[in-house]
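In what follows, every chain begins at residue 1, and chains take the letters A, B, ... in the order their sequences are listed.
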Amino acid sequence: MKFGVVIFPGSNCDQDCFYVIKEVLKQPVEYIWHQSTDLAGFDAVILPGGFSYGDYLRTGAVARFSPVMKAVNKFAAQGGLVIGICNGFQILLEAGLLPGAMLRNRNLHFICKYVLVKAENTETAFSNLCRPEQILKIPIAHNEGNYYIDDAGLQELKQNNQIVLRYYKFNPNGSQDNIAGIINREGNVLGMMPHPERSAEEALGSRDGLLIFKSMLEYLQNKR
Amino acid sequence: MTTPNNCQALGLSQDEYQKITALIGREPSLTELAMFSVEWSEHCGYIHSKRMLQLLPKTGKYPTLIGEDSGGIIVDDLAIVFKMESHNHPSQVEPKQGAATGVGGIIRDIFTAGARPIALLDSLRFGSLSEPYNKYLMRGVVDGIQFYGNCLGVPTVGGEIYFDQSYNGNCLVNVMCIGTAKKNKLSRARTKGSGNSIIYAGSSTGRDGIGGCSILASKEFKRGEEKRPTVQIGDPFTEKCLIEATLEALATGYVTGIKDMGAAGLTCASSEMASSGHTGIEIELKGVPLREKNMAPWEIMMSESQERMLLCVKKGKEKIIEKIFSKWGLNAALIGKVTGGRLVRIKHKGKVVAEVKADDLTSAPLYEVPCVKPDYLETVNRLDLHRLAEPKDYNQVLLKLLGSPSIASKEWAYRQYDHMVQTNTLVLPGSDAAVLRLKGTRKAIAATTDCNSSYCYLNPYRGAQIAVAEAARNLVCAGAEPAAVTDCLNFGNPTKPDRFWQFKHCVEGITSACQFFNLPVVSGNVSFYNESPQGAIFPTPAIGMIGIIQDAKKICTQYFKKENEAVVLLGVSKEELGGSGYLKEIHKTVRGDAPELDLYLEEAVQKTAREAISKGLVSSAHDCAEGGLLVALAESCISDRDNLLGAVIDNLTFEIRPDALFFGESQSRIILSCKNSSVPKIRKIADKYKAPLRVIGKTGGKKLVVLNGKRKPIALPLEDLSKAWHKSLEKQVSL
Amino acid sequence: MLKAEIHITLKKTVVDPQGLIIKHALESIGYKGLEEARIGKMITLTLNYRQKKRAEREIREMCKKLLANPIIEEYTFKLREEK
Amino acid sequence: MLKAEIHITLKKTVVDPQGLIIKHALESIGYKGLEEARIGKMITLTLNYRQKKRAEREIREMCKKLLANPIIEEYTFKLREEK
Ligand SMILES: Nc1ncnc2c1ncn2[C@@H]1O[C@H](COP(=O)(O)OP(=O)(O)O)[C@@H](O)[C@H]1O
Ligand SMILES: [Mg+2]
């Protein structure tokens with residue numbers, strides 16, 4: 001299965017994602033420059049974390065105009081798997097591929113920390129290998145993870161089972177309903193604030209993050 | 001025209017002016033004078049410090065690299081490049097942007113060497129947090145470091161923060177950066193090959209910080225004085241693109257030399273590259289991308305706009321290099337060429353505005369500085385322990401020490417730093433040293449910064465030796481073998497003889513300790529004029545140290561892991577309290593002599609701990625530093641926040657005053673915990689190296705208890721310890 | 001030349017964590033009497049043309065497309081001429 | 001009740017990297033005609049008293065002490081009454 005990792009100017013987790021797919025998941029992976037317009041041949045696309053365009057105006061706001069985002073849109077519409085991690089999640093929100101918006105963390109500080117999240121929906125392309133309600137130990141590292149959506153939107157997310165991950169026991173950033181990760185209605189676009197690529201090897205303190213990538217692989221292999 | 005007034009404004013003395021005139025055989029032009037003024041400043045020319053710095057050892061166990069802007073060691077086929085640098089004065093007036101641009105500067109020093117930055121550490125000093133301005137400084141500095149470092153994706157994995165009155169009015173912000181590269185991929189900051197092209201890359205040039213380096217770095221602050229330097233806004237996004245573009249450009253093999261434009265900008269980059277490359281250089285300023293109108297040639301030469309690089313590129317390959325930079329959205333402009341001869345020739349629209357020998361610019365006059373032992377030492381070194389009342393309640397003392405800002409957990413700061421990006425951080429902040437794996441190898445490196453400036457104030461020579469010994473000890477506690485050193489020497493005004501004495505003795509102390517441990521000093525930085533109206537800061541020779549771990553699986557952290565394991569003390573506790581955190585926090589005085597340091601004992605203790613860790617015999621290792629034995633024990637109990645684990649210490653020898661035993665800061669001590677069955681094996685190792693070893697208790701329970709016969713001088717629930725230690729800093733920096 | 005001053009603020013219905021912290025900070029240094037503090041962005045654009053109509057149209061578009069996020073933010077702007 | 005609108009901007013002599021990015025982004029989505037973009041903060045304070053003099057004095061102090069850094073920033077503010 002071929003994975004692609006998008007590089008926006010300012011992405012800084014691109015190499016980490018690449019490493020995990022290649023060295024840990026042992027799957028083919030290529031970088032995708034933000035100006036490319038063709039995603040042919042990829043089975044899954046990762047929008048990595050970082051500070052695209054410095055996040056100078058609003059997180060993710062400028063990156064979503066990158067040429068590659070048109071292609072990502074199309075790729076998603078055709079059912080391709082797209083995962084946005086941290087800044088990648090923020091870009092997906094700005095691009096309208098996922099509902100809602102990000103506010104600054106409640107304490108106004110960047111927070112880098114291992115947190116616990118609960119797998120709320122384990123029937124997705126990104127979480128099918130998690131046990132129902134499994135608690136995952138995955139680190140966060142962000143300034144803006146305080147997820148916001150209006151009440152109607154929240155109802156919809158709940159009704160359609162779109163909340164995939166919730167912070168467990170401790171909500172680090174003030175996000176609504178403890179949301180840490182959501183999926184689109186079609187089930188092929190996931191955004192999550194925690195960094196699964198930072199917790200895919202025991203040496204780094206947890207392998208729980210690997211479950212996300214492995215689930216994607218599982219889903220893709222079954223689909224074939 | 002050049003006038004004495006110009007000279008004064010530029011910080012040049014009449015003497016220096018005469019010298020310049022003699023060197024070039026005529027009156028210098030304004031541009032030339034400006035160029036000399038920055039090159040002959042302390043910041044670029046090291047005019048007061050160079051002679052002393054030549055003492056520092058340059059060789060050690062691993063081959064060393066001493067580059068123009070940084071240095072490092074070679075381990076197998078990998079070069080590990082690192083350096084520490086200060087940004088004290090800008091941070092004192094604009095803490096966030098001052099610290100941010102400081103991070104930017106040191107990172108550029110690393111990637112210009114061709115190395116990818118893999119970690120940052122920050123060594124910070126502030127005045128007392130009871131003053132609102134110091135809170136503001138600390139919040140701003142930490143904010144600036146997180147803003148810049150996080151955005152770049154370089155993890156900030158360690159550091160230190162201390163507080164002392166002497167930093168009121170002059171905080172210290174020292175940042176260390178580590179980078180790695182394949183050893184044959186390193187680049188140098190020098191020109192090469194007459195006819196090759198000089199390319200300017202990165203942000204455009206404005207009137208930023210003109211004269212900032214010489215003027216800011218060489219004038220002390222007077223409180224209330226209206227001194228408004230143009231502090232710049234850090235632009236980490238551009239720097240991130242610059243890192244990627246530069247490394248990509250270097251990978252082509254067409255870049256024969258590269259230097260960042262930091263202090264003294266284009267002047268420094270062009271003249272130092274030419275001087276190191278033994279060539280001439282010719283630059284046409286018309287080609288420099290400008291962002292302000294009507295900039296005079298001297299302004300362009302002096303500008304310190306951030307995020308810019310100067311490259312020497314093989315003739316004919318300019319387009320390839322320019323394309324890489326423009327792909328990353330950055331300027332790249334051909335502005336000159338390497339010439340035969342040794343002249344730096346600067347033209348502006350065809351007209352020559354400066355023409356001087358590169359070596360004249362870069363060989364600033366060095367000053368012999370008078371040096372006199374400071375008067376204060378005689379008084380402060382006196383400490384009569386008999387007059388010092390022993391506390392009644394040791395529990396209260398311990399809690400108070402744990403909550404004192406210099407000792408309390410620094411989590412408030414490092415929580416705000418991305419310390420995990422790049423996925424190499426095996427030991428996160430919160431232990432004695434950070435550990436980073438080297439992907440693609442079995443090895444890891446450990447890194448730390450250390451300096452107890454109270455010791456350096458009381459005894460500059462020994463204080464500096466201790467900084468080296470303690471840094472090494474911290475690395476050893478992580479399982480590493482100390483390998484190389486960088487330093488950042490922060491002192492007062494060097495033209496005052498007593499300040500220079502402190503400087504001299506500290507450099508000698510570092511030299512002797514490094515020689516003893518066979519550690520090279522591969523890079524460093526000097527920051528003078530750290531003074532406020534109350535006087536100079538405590539001498540603060542911050543030591544950054546790197547250690548090598550052969551097997552990344554054999555690493556160690558400072559917190560207790562399992563119930564019922566033995567707690568072992570390596571080293572000896574002496575009756576000494578001079579310069580201790582206990583004296584400062586409880587008795588409100590910084591007095592006495594720095595603790596003794598027996599380098600042979602230090603070596604024995606370190607070797608024992610390292611061998612025991614590498615054999616997998618050790619569960620935790622933590623050195624005794626500020627706050628002494630009990631603070632170290634408490635930290636081992638509580639520093640893994642989610643897994644507090646108590647201990648019962650029932651086998652201390654109460655041969656010395658209990659306060660000295662509990663809180664004295666005798667050097668060369670490490671606390672280990674291990675399986676009971678490992679004790680004999682560790683004892684054997686200790687015997688081999690002649691390191692004193694004593695089993696002092698065992699882990700377990702929900703309290704830290706110290707028994708003296710039937711009495712319990714210390715018995716505290718872990719929650720109380722944890723609350724005092726974890727929450728204190730956050731409480732004290734909040735408004 | 002035209003100068004546009006664009007104000008972008010969080011919608012009233014969205015909690016403003018920055019505003020809360022600033023209010024708290026101001027109170028802690030002694031300013032009572034604060035009912036509320038909210039923080040927004042102010043973007044100043046200098047345009048190198050003089051047609052007001054065009055400017056109004058373009059700025060409205062810029063805000064919708066990029067400068068403000070309609071899920072959480074509102075915008076207003078003023079235009080004025082510069083010599 | 002009084003409402004204060006405080007504008008905090010970088011001094012003209014200080015380069016504004018955020019503004020540069022905004023300008024580029026706007027250009028890349030098709031808006032020519034931009035001379036410059038700069039970004040600042042807008043803080044709105046609602047005060048629960050009505051004395052204008054006091055408000056002016058306090059706000060000036062707040063700006064100096066906390067809201068702006070005079071080394072790199074400038075501030076202006078307007079006060080108005082609210083029903
Ligand atoms: N400014 C800082 N930035 C990042 N980490 C820090 C900082 N200050 C302290 N730390 C981390 O907190 C831990 C304890 O620091 P410190 O008390 O200085 O340790 P030690 O006394 O062993 O040198 C270390 O892991 C250190 O790296
Ligand atoms: Mg230590």
Within-4.5 Å side-chain heavy-atom neighbours: A:W33 and B:K327: yes
Pair A:Y114-B:M420, side-chain contact (heavy atoms from CB on, under 4.5 Å): steps then yes or no: CA-CA 10 Å; A:Y114 262 105; B:M420 300 181 186; 3.9 Å; yes
Does atom [atom1] of [X] have more than 12 heavy-atom neighbours from other groups under 6.0 Å away?
X      : atom1 : result
B:K723 : NZ    : no
B:K439 : NZ    : yes
B:K443 : NZ    : yes
B:K135 : NZ    : yes
A:Q27  : CD    : yes
B:K561 : NZ    : yes
A:Y168 : OH    : no
A:K2   : NZ    : yes

Interface moiety of [X] toward chain B, non-hydrogen atoms closer than 4.5 Å:
X      : answer
A:N143 : side chain
A:E23  : neither
A:A203 : both
A:S199 : neither

Residue, of A:E201, A:H195, A:H142, that accumulates the most heavy atom pairs under 4.5 Å with chain B: A:E201
Aromatic centroids of A:Y53 and B:F237 separated by under 6.0 Å: yes
Pick from B:D642, B:L426, B:V142, B:N150 with the largest number of heavy-atom pairs that fall under 4.5 Å of chain A: B:N150
Short side-chain to backbone donor-acceptor contact, A:N12 and B:C151, under 3.5 Å: yes
Face-on cation placement of B:K240 at A:F51 ring, 6.0 Å and 45° thresholds: no
Straight-line distance of B:Q416 CD to A:N107 CG, nearest 0.5 Å: 7.5 Å
Rounded distance (nearest 0.5 Å) linking atom CZ of B:F147 with atom CG of A:D55: 10.5 Å
What are the two closest non-hydrogen atoms of [X] and [Y], and how far apart are they?
X      : Y      : answer
B:W412 : A:H109 : NE1-NE2, 4.0 Å
B:N424 : A:L204 : C-CD2, 4.3 Å
B:R437 : A:Y19  : NH2-CE2, 3.8 Å
A:E197 : B:T423 : O-CG2, 3.7 Å

Derivation and outcome, side-chain contact (heavy atoms from CB on, under 4.5 Å), residues A:D16 and B:V421: CA-CA 8 Å; A:D16 301 351; B:V421 64; 3.9 Å; yes
Basic-acidic side-chain contact under 4.0 Å: B:D418, A:K113: no
Lys/Arg N to Asp/Glu carboxylate O, B:K553 vs A:E202, below 4.0 Å: no
Verdict with supporting geometry, A:Y56 and B:D235, side-chain hydrogen bond (donor to acceptor under 3.5 Å, both in side chains): CA-CA 10 Å; A:Y56 284 168; B:D235 183 359; 2.6 Å; yes
Criterion side-chain contact (heavy atoms from CB on, under 4.5 Å) on A:R198 and B:Q422, from CA distance to verdict: CA-CA 8 Å; A:R198 295 185 183 188; B:Q422 298 194 21; over 6 Å; no
Under 4.5 Å from any heavy atom of chain A - which part of B:E239: neither
Contacting moiety of B:L152, where chain A heavy atoms sit under 4.5 Å: backbone
